[in-house]
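Structure record follows, encoded as structure tokens.
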Number of protein chains: 2
Amino acid sequence: MDQSEQSAPPAQTVPVQATPVPKGAVPAQKGTVTQRAIEQIKAMIGEGLLEPGQRLPTERDLATQLGISRSSMREAIRALTVLGVLEARHGSGIYVTQLEAGDLLETFGVVADLSRGPRLVELLEVRRVLESTATALAAARITPDQLADVEKHLAAMNATDDPEEILSHDLAFHRAIALAAGNDTMAAILEGLSSRTFRARVWRGYQEEGAFERTRREHARIHRALVARDPEAARAAAAAHVGEVEDWLRGQLEG
Amino acid sequence: MDQSEQSAPPAQTVPVQATPVPKGAVPAQKGTVTQRAIEQIKAMIGEGLLEPGQRLPTERDLATQLGISRSSMREAIRALTVLGVLEARHGSGIYVTQLEAGDLLETFGVVADLSRGPRLVELLEVRRVLESTATALAAARITPDQLADVEKHLAAMNATDDPEEILSHDLAFHRAIALAAGNDTMAAILEGLSSRTFRARVWRGYQEEGAFERTRREHARIHRALVARDPEAARAAAAAHVGEVEDWLRGQLEG
DNA sequence: CGGCCGTAGTGGTCGGACCACATCTCTGGC
DNA sequence: GCCAGAGATGTGGTCCGACCACTACGGCCG
């Protein structure tokens, strides 16, 4: 193709340069073509040229506009898709996501899934900090409806012995609290830090040591603090709750 | 449709594909081919089949192994590349990153860059929580060397009036503190929350209101707390520091 | 009028070709 | 004998064109 801009030795051929790049002055060839396309689309969104939910031109058109091949453009789109910025609907088109916390922070789960060893402890440390804050905020702001939701999962968790179901309601319990805290971004991060595979990996060993009962007690304490609308008690209870797992895991790593 | 005539090969309708994968036990056709490839590679890493730093087979081989085209495989690789899981070196090969916090949390900056309005406040709220904790931890753990590094940036920041340079050292100041806290994951998240474009966007307006002097005072207070090895003071100072910006931004949004 | 169905348009996949870069190998001069 | 340079090899990067799978729209028929 015409991407052979600096052909030095065999200085002929040169079929049709054409170069659809009007802006002379330093083409600024930085990084790969695909990388540039990613940045450009991101910039378009950043500058407000592309609104959330809006549909983009077709892959073919986009590729033409940026002067690259469809293949490269597809890679760029794929990249932005996994980042939660774009959404491709087969047969329909490519759309900008709502760019909400949940969309963009979904990739956070990957971190949790691929981390192991010491980093798991670090992640739990981050979770402890955020979870305790979120629980404290929830204690101050939670509405009756939201509290009912929390209690629903608390009850369901205590009503079964199936580990899988317990884990499921455990996650929902904390998720409901995080949502009640009123900071969607924080909730989304916590969601990632509690991703299913992450919890499952740690939980497997943790609950083998009869931690069920303790978990229930800790959850009950968190719940009491929410009912009492006592942020400080809620913060302490949540911190202790996560701290328990944290300590256990830390002990596991040391042997 | 854009393509009309066929190449006129007689016998057709017979899928020349033949699918190199025997239809043995349920192909499990979930999602797109590329998406599956992404999951499979992720799983390989998760299961330890691929160690950090290790080199992967070539794109062509990988594509063959998973029974997909090179194009699709490339999209999968590109996706994992932007997620910080893989690293492609032109002419050399594809490698698994060290899977360190910095590698995986780089995408966090995208969130900050693409967020606006109320979500910016939420992000600052998260930053306040983490930054104050990190600063408190640093007060208890910082080494003389690390403290010297912090002081270097503090001095450099006070020695200039160039906004660009101030911002630069401001970031480095907080980065050094976060590193001293001893939790790389937390530091990486804070790094993302303070990404250059994010700070620049908020800073632009903030420092127009003569916030320079206040910022310097707040930094000095944080520094004093570090020197005094007083975690509680450090926590308070950091929280107040971020809180200032947070309040200002909140006020901006309300009009 | 409404549901069915065809069709145009879109993303998804494929295969092949070539280019740019990194690395190793082999050569030839010193 | 040694090492620099030229070449060969292999890898990711880019491009093209064809075709498949799905969706959405609109006209046709009952």
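Chain letters run A, B, ... following the sequence lines, proteins first, then strands; residues in each count from 1.
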**Complete:** Testing C:dC14, C:dG12, D:dT14 for proximity to the side chain of A:Val33, the answer is D:dT14
**Message:** Between A:Thr34 and D:dG13, is there a contact of a side-chain N or O with OP1 or OP2 at under 4.0 Å?
**Reply:** no
**Message:** Applying the side-chain contact (heavy atoms from CB on, under 4.5 Å) criterion to B:Thr34, which one of B:Glu75, B:Met73, B:Arg74, B:Arg78 satisfies it?
**Reply:** B:Glu75
**Request:** Kindly say if A:Arg78 contacts the phosphate of C:dT13, meaning a side-chain N or O under 4.0 Å from OP1 or OP2.
**Result:** yes
**Asked** CG of A:Leu66 versus P of D:dT14: gap in Å, rounded?
**Response** 13 Å
**Prompt:** Can a donor-acceptor pair under 3.5 Å be found between the side-chain atoms of B:Arg60 and the base atoms of D:dG12?
**Reply:** yes
**Rounded distance in Å - CD1 (A:Ile94) to C1' (D:dC22)** = 15 Å
**Prompt:** Where each residue is assigned the nucleotide of DNA chain C containing its nearest heavy atom, which of A:Pro57 and B:Arg89 is assigned the position nearer the 5′ end?
**Reply:** A:Pro57
**A:Glu59 CD to D:dA21 C1', straight-line distance once rounded to whole Å** = 13 Å
**Asked** For DNA chain C, whose closest nucleotide is more 5', that of B:Arg70 or that of A:Arg74?
**Response** A:Arg74
**Prompt:** Can a salt bridge be assigned to the pair B:Arg250 and B:Glu246 using a cut-off of 4.0 Å between side-chain N and carboxylate O?
**Reply:** yes
**Complete:** Quick note, B:Thr32 side chain, CB onward, closest among D:dC15, C:dT10, C:dG12 is C:dG12
**Complete:** Here the distance between atom P of C:dG12 and atom NZ of B:Lys30, to the nearest Å, is 18 Å
**B:Ser69 vs C:dC14: side-chain N/O to OP1/OP2 distance below 4.0 Å** = yes
**Request:** For the residue pair B:Phe108 and A:Phe108, categorise the inter-ring angle as parallel (less than 30°), tilted (30 to 60°) or perpendicular (more than 60°).
**Result:** perpendicular
**Asked** Do A:Ser92 and C:dG11 have a side chain to base donor-acceptor pair shorter than 3.5 Å?
**Response** no
**Message:** Is it the case that C:dC14 (base atoms only) and B:Ser72 (side chain only) share a donor and an acceptor within less than 3.5 Å, ignoring hydrogens and angles?
**Reply:** no
**Prompt:** Closest approach of A:Arg116 and B:Gly46, non-hydrogen atoms and distance?
**Reply:** NH2-O, 3.0 Å
**Item:** Separation of C:dT10 P from A:Glu87 CD (nearest whole Å)
**Value:** 17 Å
**Stacked pair B:His90-D:dG13, distance under 5.5 Å, angle under 30°** = no
**Request:** Just call it for B:Ile77: base, sugar-phosphate, or nothing, with non-hydrogen atoms closer than 4.0 Å on any strand.
**Result:** nothing
